[in-house]
Amino acid sequence: MRAVTEEIEDKEESLFEAPPMAEQERMIEAILFATVEPITVRELEARMPHGCDPAEALVYLRKRYEGRGVQIMKVGDAWAIRTAADLGFLMQKETVETRKLSRAAIETLAIIAYHQPVTRAEIEEIRGVSVSRGTVDQLLELEWIRFGRRKMTPGRPVTFVVTQSFLDHFGLENARDLPGLKELRAAGLLENRPPIGVIPGPESEDEEESAEGQSELFED
Amino acid sequence: MRAVTEEIEDKEESLFEAPPMAEQERMIEAILFATVEPITVRELEARMPHGCDPAEALVYLRKRYEGRGVQIMKVGDAWAIRTAADLGFLMQKETVETRKLSRAAIETLAIIAYHQPVTRAEIEEIRGVSVSRGTVDQLLELEWIRFGRRKMTPGRPVTFVVTQSFLDHFGLENARDLPGLKELRAAGLLENRPPIGVIPGPESEDEEESAEGQSELFED
Amino acid sequence: MADETHFEEDTMSVADRLAAEALIVDVDGYEGPLDLLLTLSRTQKVDLRKISVLQLARQYLAFVEKAKALRLELAADYLVMAAWLAFLKSRLLLPPDPSEEGPSGEELAAHLAFQLERLQAMRDAAARLMARDQLGRDFFARGQSEMVTRVRKVTYSATLLDLMQGYARIRTRDDFRPFVMDRDAVFTMEQALDRMRGLIGYAGDWTDILSYLPEGWETDPVRRRSATAATFAASLELVKEGHLDIRQSDAFAPIQLRKRDESRDGRD
């Protein structure tokens with residue numbers, strides 16, 4: 001008899017100790033906010049201290065969020081926090097898909113940042129491959145680079161420089177704040193050696209582009 | 001004349017039409033709930049209808065969530081919603097196992113946070129040992145530190161500063177809110193006292209490289 | 001009884017030795033001399049600001065002596081620090097020499113004390129920082145983000161790290177370029193053979209081998225050397241095949257070639 005009632009006693013004890021309803025509301029609020037999936041009352045109960053009554057707390061919490069910017073919504077038999085339907089128009093920017101810049105673009109951008117003002121020919125000399133038109137276009141479109149003043153050399157080629165947007169994006173005050181080779185090495189950024197057998201030279205991804213070239217881009 | 005004033009009129013119109021503060025609060029609530037990364041007042045302004053004053057609305061919203069299960073937190077110049085720290089015990093399921101930081105990395109991080117902007121040489125001077133590559137690398141990868149502006153000292157060394165992610169991770173509004181910062185400053189322990197005389201310091205593994213430096217990189 | 005005493009003595013010495021060794025083995029656990037000094041300073045059980053640097057210097061030197069006695073190799077920076085502390089000790093003990101330049105013993109000691117205090121302060125700060133509530137451990141960010149409508153707009157992102165690594169990749173390419181011959185300055189024997197085969201038909205009379213060098217290879221010394229060697233080797237090959245005659249009248253004299261004429265055979 002004693003052994004059987006032990007569990008019941010335990011339960012009663014913890015029931016007695018159940019946190020106040022306001023506290024239970026807080027708990028559910030935090031759980032609903034942080035969970036990746038909508039969560040059922042049963043799961044809530046399992047997570048919360050013994051004796052809690054998530055179903056009741058949910059009623060209060062739901063009421064509290066009535067008319068707010070977010071709502072406590074029932075999704076199937078589970079619960080979740082959702083943006084109020086009338087505010088959906090604010091959420092559009094959220095869906096911007098970010099993609100990594102291509103390696104060619106990053107390298108070109110890096111060379112412009114470190115060597116600006118720099119001509120296209122100089123970029124190609126440093127990279128060892130021709131710079132595709134798409135790469136330069138993309139960087140111009142991102143407003144990370146812009147045309148600088150022309151070089152006083154034969155042909156008066158245009159130069160590229162980085163923009164304020166570039167500095168903003170990369171959290172730099174000045175292109176001169178970019179770390180040098182020595183500092184890159186110190187930070188362990190130069191340790192990744194290419195696998196043996198990779199002979200530097202024109203990368204295949206760029207090779208086909210080189211024929212096209214961007215001479216038209218710079219004609220004027 | 002009409003064409004010129006059109007834009008001004010537009011602006012006035014939207015100013016006039018700015019939603020009531022309660023509505024602005026709802027909007028921010030919705031945006032902050034939907035966003036994982038902290039979001040700046042400027043970004044909020046860009047997303048909300050013209051004429052909104054997110055900074056003011058945030059004050060109200062923050063007050064509204066005081067003592068709730070989630071909090072409106074300031075992270076540098078940005079804002080985010082985070083669960084209340086006292087409810088962490090409910091969240092075991094959400095906990096992400098993170099790579100343990102080495103003691104060296106933790107100390108280096110603290111030195112950067114308290115002394116920022118700080119050069120690598122200064123970190124080494126304080127710790128009495130050279131900073132290993134992996135340490136800085138790891139902190140950069142975690143995006144807890146980034147390169148700051150160069151110091152106006154010979155060699156123009158780069159500096160390290162902590163990031164917004166750092167503030168976010170440790171629940172700090174501001175780097176000035178670091179625990180014990182004031183006391184340390186009052187005790188003179190954050191002063192940059194150069195070593196005097198011939199006190200031995202860490203051997204710099206890069207000493208030979210310093211000639212190379214980045215002068216060559218920034219020559220022009 | 002006697003045995004027992006003996007045994008006791010033995011255990012004592014073993015324990016002693018173990019203790020001493022444990023201390024030394026720990027050297028690896030220290031992050032450099034400053035860390036070791038900080039640990040030693042704790043044995044003084046005083047506020048770091050009131051630490052006796054002289055006493056600390058003695059402790060450190062004793063520690064290093066002990067390590068030497070146990071034939072443990074100490075890293076160079078520990079020995080440098082030992083030498084410096086020995087110097088500091090003498091400065092602190094001897095009356096100051098007014099003619100001596102540079103900072104006084106007291107100043108050096110004060111700076112060392114400052115360094116120790118600062119290191120300790122940073123360690124405490126680090127501990128306090130890590131003791132803070134942390135994102136993803138104690139407090140949490142939003143778990144779901146599906147509440148957003150999908151409006152596709154692609155932006156491109158790159159981090160400063162990407163940028164720097166990209167740059168580093170280019171700038172250090174030469175560092176780890178596997179060894180390859182620079183082919184643009186090499187004229188191969190195959191190339192020379194091809195060229196010579198086409199030309200020898202016209203070489204009725206003795207002609208200087210140098211006149212066979214390919215166009216554009218005569219001026220640059222590196223290219224010229226390569227082309228000369230290849231042409232010479234190709235000529236020998238052609239002689240071997242019976243297409244050419246080759247002669248050199250004297251050491252370092254010009255090498256001359258002419259087409260082998262079957263009709264001339266035996267007469268020359």
Side-chain angles (χ1 to χ4, degrees), chain B residues 30 32-37 71 73 80-88 91 94-96 98 101 103-104 106-107 109-111 113-115 125-130 140-141 143 146-147 168-172 178-181 184 187-190 193 195-203 217, chain C residues 30-38 49 75-77 80-85 87-88 102-104 107-108 110-112 114-148 159-161 164 167 171:
Chain B
L32 289 187
F33 260 95
T35 319
V36 175
E37 297 295 315
Q71 313 268 279
M73 310 240 299
I81 299 184
R82 301 286 181 247
T83 63
D86 67 312
L87 298 176
M91 306 295 169
E94 317 302 329
T95 312
V96 187
T98 45
L101 279 184
R103 177 176 140 180
I106 292 171
E107 270 180 36
L109 178 65
I111 290 170
Y114 282 82
H115 288 261
E125 153 74 12
I126 293 169
R127 293 199 65 228
V129 284
S130 50
L140 281 169
E141 233 165 67
E143 292 187 11
R146 64 175 177 85
F147 290 98
D168 193 15
H169 186 90
F170 291 99
L172 293 161
L178 283 163
L181 187 72
L184 287 171
L189 292 170
L190 300 184
R193 266 192 232 176
I196 55 166
V198 284
I199 291 187
E203 329 145 63
L217 260 173
Chain C
Y30 292 112
E31 284 203 81
L34 202 60
D35 186 27
L36 172 57
L37 274 168
L38 188 57
R49 273 164 291 186
D77 46 347
V80 171
M81 180 60 92
W84 183 79
L85 283 172
F87 158 79
L88 176 61
S104 70
E107 282 167 330
L108 291 172
H111 189 79
L112 180 62
F114 167 75
Q115 279 183 296
L116 292 172
E117 199 192 340
R118 183 174 59 181
L119 179 60
Q120 186 56 54
M122 278 302 110
R123 293 209 166 144
D124 295 343
R128 286 170 79 177
L129 188 65
M130 297 315 282
R132 283 186 71 86
D133 292 327
Q134 292 181 36
L135 180 66
R137 191 188 78 183
D138 305 294
F139 63 95
F140 295 83
R142 185 80 173 115
Q144 301 161 49
S145 50
E146 74 255 57
M147 58 173 66
V148 282
T159 66
L160 190 59
L161 209 58
M164 293 181 313
Y167 188 68
R171 290 307 302 244

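Order of the sequence lines fixes the chain letters, A, B, ..., with proteins taken first and strands second; residue numbering starts at 1 for each chain.
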Examine distances only and state if a side-chain atom of B/R82 and a backbone atom of C/A141 form a donor-acceptor pair shorter than 3.5 Å. no
Counting distance only, does the side-chain N/O of C/R118 pair as donor-acceptor with the main-chain N or O of B/L190 below 3.5 Å? no
Under a 4.5 Å heavy-atom cutoff, which of B/P179, B/G188, B/G128 has the most pairs with chain C? B/P179
Determine, step by step, whether B/E107 and C/M122 satisfy the side-chain contact (heavy atoms from CB on, under 4.5 Å) criterion, reporting the C-alpha distance in whole Å, the side-chain angles of both residues, the deciding distance to 0.1 Å, and the verdict. CA-CA 7 Å; B/E107 270 180 36; C/M122 278 302 110; 5.9 Å; no
Distance, nearest 0.5 Å, that separates CG of B/D86 from CG of C/D138: 10.5 Å
Might you confirm whether atom CD of B/E143 has over 12 heavy atoms from other residues, nucleotides or ligands at distances under 6.0 Å? no
Considering only heavy atoms, which portion of B/Q71 lies under 4.5 Å from any heavy atom of chain C: side chain, backbone, both, or neither? neither
Test item: B/L178 and C/R128 side chains (from C-beta on) under 4.5 Å apart, heavy atoms: no
Side chains of C/R132 and B/L172 in contact at under 4.5 Å (non-hydrogen atoms): yes
Of all the heavy-atom pairs spanning C/L129 and B/A110, show the shortest one and how long it is. CD2-CA, 4.4 Å
Considering only heavy atoms from C-beta outward, does the side chain of C/D133 approach that of B/F170 to under 4.5 Å? no
Quick one, B/R103 and C/R123 - any side-chain contact, counting heavy atoms below 4.5 Å? yes
Can you tell me which portion of B/A85 sits under 4.5 Å from chain C's heavy atoms? Options are side chain, backbone, both or neither. both
Hey, is the main chain of B/F33 close enough, under 3.5 Å, to the side chain of C/R142 for a donor-acceptor pair? yes
Pairs of heavy atoms under 4.5 Å with chain C: top-ranked of B/L181, B/I106, B/L109: B/I106
Part of C/L34 within contact of chain B (heavy atom distance under 4.5 Å): side chain
With a 4.5 Å limit on heavy-atom distance, are the side chains of B/M91 and C/R137 in contact? no
With chain C as the partner, which of B/I81, B/L184, B/D168 has the greatest number of non-hydrogen pairs under 4.5 Å? B/D168
Does C/F139 offer a backbone N or O that forms a donor-acceptor pair with the side chain of B/T83 under 3.5 Å? no
